[in-house]
Amino acid sequence: MKNTAKWITAPRDMGVAAYTCRTSFAPRKAVKKATLCASAIGNYAVYLNGARVGKGVLTPGWTSYKKRVQYQSYDLTDLLTQNNTLAIGVGQGWAVGSIGHDDTNHCFADYTSVIAWLDVTYADGERESLVTDESWDVYSSEVTFTDIYHGETVDKTAPIARIGKAVESNVKTRLIAQVGEWITEQERLAPIEILTTPKGERVIDFGQNMTGYVEVRIKAPRGSRVVLHHAEVLDSDGNFYTANYRRARNEMTYVCSGDEDVFKPTYTFEGFRYIRLEEYPFEEIDPACFTAIAVNSEMKRTGYFRCGNEKINQLYHNIIWGQKSNYLDIPTDCPQRDERLGWTGDAQVFCRTAAINFDVQKFFRKWLGDVALEQDKDGAVYGTIPDAMPKHPTRISAAWGDAACVIPWQLYLAYGDKKLLRENYPMMKKWVGYMRGVGPEEYLWLTGMHYGDWLAMDAGEDSYVGATSNDLIASAFFAYSTELVIRAGEVLGEDVSEYRTLYTNVRNRFRSYFMENGMPKEEFPYTEVLQRGKKTPVDTVRRGMTQTALVLILYFGLCEECERAALAARLVEMIRENETRMTTGFVGTPYILHVLSQNGYTDVAYELLMQERNPSWLYSVTHGATTMWEHWNSLKEDGSFWSTAMNSFNHYAYGAVFDWIFGVSVGITPVAESPAYKTVAIAPHPSKCLGYAEGSIESRNGKIGVYWYYKGDRVYYEVEIPAGVTAALKLPSGYTATLTEGSYRFAE
């Protein structure tokens, strides 16, 4: 049956208010099947006979709207009655409301629109279709204001009035069936405490930083208001702190009907742990009236970990909640301030950990589709996808754009999906082609503004960009992504001879330009770095001898084997010089523990893992974190905060450390020659600082588990291998074995 549905919108500009498109439908005979498909430019919700339909929220999700928009399908077969009212509400969402650093409206569209079609198959085989067109009526909504950053107003006293007939909307995009996961409500959290702050503020603490919203159940006099503000932390005096949200108001306003009301937003979400009752109609606060609801993409949990050190367990808890909070249809940087964007760099550094914790294959298939769609003709990949910041001075950056190569390869290792790898292979090659042609040299990337080793602390405690040469970082990733194209091409049976030659040339040129006598040179005379608030490059000296530079050279194989020992020793020396602490940022941190353990310094890796002084993973844990922080020192030792210009307490990137905990400490890693854990390397590295460790993953080929623990000075190992999986075991003593299906025990 031909689909004749039209994009429709309200007959007048609804501004910041939501509206509802409505029609009636009466089946003419017995219904065998009824399927509704719907989408919107904006966020939509479907109602049949007044009841919300489907498990999804914030549909249709966030895509590159001008290129494609998902539609969702709903089975209405058992929900239809003799006479039916079908309604679709729509709010601004990501498409029309405020989005991006500049708090710009209409980034992707000037107004909201809806499209839907209901296909009905009767018991006798006849088919009928109901589609959106100008016959639908448009009504006002009790949602009188909605915005991703600023919140939502729900007025139960607002009159619901017919505005008029829908008008056809001039939407130019491609509709696709849903690719990604549903966004759904997950955990429900009760308050753990009701506080009165030193300023007299009434605050509710839910005990967990999270993404979602608060459901309020209340019976109050008609017209009375409940106004909520959201916050991640309290300040050093115990007062409600929202300065780090920047311009995002994060305000929910609910106007009571006088009856039993249940309030929660429909078209937006917040990042928070605390709420402040700005207005509330009663003196006493009943905590049972408030429930925090976590919202994220519906991903199956696959990885599990626990050890004998409660601080490391809390770190793992924070990593899980950081991922859940920021995997809301796209991999966002943070869920709370006036940003919440799909930063490619954050996604790239964390993707391996992500695929251990949860099944993220569908999640990333959808997002990578938008990365490919928004890739420039010259191969450039933007810093945020969907691209919400076209005027940003650092729109293209090394390590950020390399998400185009790193993520498809890591997903292949995790899931063994050649189709997904092939879908993204053209994007991978185009990105390498961009790096090859972007600067004055074919085999180095020596131009452009970059994020560098973002938020590293070796350029000063409050620096945005670390001290490592941006040119070194960019050229190192040029080599790494080229190598990944070779690996992917070999899997796909492609001719990669051109890329092998390119890789050799890039590696050789990197060594001659950035290295001398087997070590990185001390410094380089010029690089362009991002300086917030300035639109022109800043001439600075950036260093080559940094922890991050050494890590990249070692991890990306840019050194000769005979140089490796000296480079690793120099890295350890620099760590010791910094009182056994890292100075690395977003670029160096994901690899530093791997580099240490690969080069015989697993003991130093454990020392860094267990470090509690800033910068360290446990610094935030010892300061009460329940998710990962954006900065090593988002909260400083003196109780002050990092600059309000950029300070999130729910930023998952540094949680990438878990792929070392799981892959090295527990010792479970996939093998490229037989991915999806069909063949698995089991090489645990126990340490008494953890006491014991147990981890498992529900892979595509079954559950794989490792448990090690101490009895005195002996270490015991228990390994579980499912049917059809082969494990190559290597214990610290040097003992090796090939394991197949079964449960095994070893001691040494």
Side-chain angles (χ1 to χ4, degrees), residues 60-72 173-182 297-300 302 327 329-331 342-348 350-352 354-355 358-387 400-435 477 480-496 498-499 670 672-678 699-700:
W62 189 4
T63 52
S64 301
Y65 291 105
K66 295 179 181 179
K67 299 179 184 292
R68 66 176 191 168
V69 176
Q70 295 185 126
Y71 67 82
Q72 284 74 33
T173 192
R174 179 168 61 99
L175 272 173
I176 61 167
Q178 180 166 324
V179 178
E181 303 281 9
W182 288 93
S297 289
E298 193 175 62
M299 306 168 293
K300 177 186 175 183
T302 52
Y327 276 38
D329 203 49
I330 66 169
W343 283 98
T344 48
D346 304 53
Q348 177 263 123
F350 189 79
C351 64
R352 183 160 59 181
F358 293 91
D359 185 340
V360 293
Q361 185 175 7
K362 281 182 66 177
F363 176 86
F364 271 118
R365 183 187 294 275
K366 180 256 186 187
W367 185 70
L368 286 173
D370 287 307
V371 178
L373 280 174
E374 296 207 352
Q375 188 175 29
D376 268 357
K377 292 180 181 179
D378 65 0
V381 174
Y382 303 139
T384 63
I385 301 295
D387 181 25
W400 274 247
D402 291 281
C405 293
V406 175
I407 297 177
W409 179 249
Q410 289 299 333
L411 293 178
Y412 174 71
L413 292 181
Y415 305 115
D417 186 350
K418 285 188 180 181
K419 181 181 178 183
L420 180 58
L421 191 62
R422 186 169 294 283
E423 287 173 4
N424 291 287
Y425 191 59
M427 174 176 67
M428 297 171 71
K429 293 191 295 181
K430 285 175 65 179
W431 171 245
V432 169
Y434 172 80
M435 291 189 285
F477 272 91
Y480 184 47
S481 282
T482 303
E483 183 182 17
L484 294 181
V485 167
I486 295 169
R487 293 184 194 176
E490 289 172 343
V491 168
L492 298 172
E494 299 285 333
D495 179 4
V496 294
E498 173 189 351
Y499 291 98
E673 292 74 22
S674 182
Y677 299 88
K678 181 71 173 175
S699 76
R700 289 286 184 271

Original post:
Are any non-hydrogen side-chain atoms of C405 and V485 less than 4.5 angstrom apart?
Top reply: yes
**OP:** Any chance you could lay out the ring pair (Phe, Tyr, Trp, His ring centres under 6.0 Å) test for Y327 and F358, step after step, and finish with the verdict?
**Re:** CA-CA 10 Å; Y327 276 38; F358 293 91; 7.9 Å; no
Original post:
Would you call W400 and D346 a side-chain contact if the rule is heavy atoms closer than 4.5 Å?
Top reply: yes
**OP:** State plainly whether the residues D370 and K67 are in salt-bridge range, i.e. N to O under 4.0 Å.
**Re:** no
Original post:
Do the non-hydrogen side-chain atoms of D359 and R700 ever get within less than 4.5 Å of each other?
Top reply: yes
Original post:
Tell me, do D417 and L411 make a side-chain contact under 4.5 Å, heavy atoms counted?
Top reply: no
**OP:** Could you tell me the separation between the CZ atom of R68 and the CD1 atom of I176, rounded to the nearest 0.5 Å?
**Re:** 4.0 Å
Original post:
Are side-chain heavy atoms of L368 and M427 found at a separation under 4.5 Å?
Top reply: yes
Subject >> Parallel, tilted or perpendicular, as decided by the 30° and 60° cut-offs, for the rings of Y480 and F477 >> reply: perpendicular
Original post:
Nearest 0.5 Å, what's the CZ-CG distance between R365 and N424?
Top reply: 8.5 Å
**OP:** Kindly give the heavy-atom pair with the smallest separation between W62 and I330, and that separation in Å.
**Re:** CE3-CD1, 3.3 Å
Subject >> A354 to F364 - nearest heavy-atom pair and separation >> reply: CB-CE1, 4.5 Å
Subject >> Short N-O contact, K300 and E181, less than 4.0 angstrom >> reply: no
**OP:** Check L484 against V406 and note the closest heavy-atom contact, atom names and distance.
**Re:** CD1-CA, 3.7 Å
Original post:
Is it the case that Q72 and Q178 place a side-chain donor and acceptor less than 3.5 Å from each other?
Top reply: yes
Subject >> Spatial distance of atom NZ (K419) from atom OH (Y412) [nearest 0.5 Å] >> reply: 16.0 Å
**OP:** Please confirm whether the backbone N or O of D387 pairs with a side-chain atom of E374, one donor and one acceptor, at under 3.5 Å?
**Re:** yes
Original post:
Could D376 and K430 be called an ion pair, given the rule that one side-chain N must be under 4.0 Å from one carboxylate O?
Top reply: no
Original post:
When rounded to the nearest 0.5 angstrom, what is the spacing between OG1 in T482 and CZ in R487?
Top reply: 12.0 Å
**OP:** Enter the distance from E494:CD to K429:NZ here, rounded to the nearest 0.5 Å.
**Re:** 5.5 Å
Subject >> T344 and W367, any side-chain heavy atoms less than 4.5 Å apart >> reply: yes
Subject >> Heavy atoms from other residues, nucleotides or ligands near NZ of K362 exceed 12 (cutoff 6.0 Å) >> reply: yes
Original post:
Is there a side-chain contact between Y382 and V371 (heavy atoms, below 4.5 Å)?
Top reply: no
Subject >> Rounded distance [0.5 Å steps], CZ in R174 versus CG in L373 >> reply: 6.0 Å
**OP:** Quick one: closest heavy-atom pair of F363 and P331, and the distance?
**Re:** CZ-N, 3.5 Å
Original post:
Of all heavy-atom pairs between S481 and M435, which one has the smallest distance, and what is that distance?
Top reply: CB-CE, 3.7 Å
Original post:
Heavy atoms, side chains only, cut-off 4.5 Å: are V491 and Y425 in contact?
Top reply: no
Original post:
Does any N or O in the side chain of R352 come within less than 3.5 Å of the main-chain N or O of Q410, such that one atom is a donor and the other an acceptor?
Top reply: no
Original post:
Which atom pair, heavy atoms only, marks the closest approach of T302 to A355?
Top reply: OG1-O, 4.1 Å
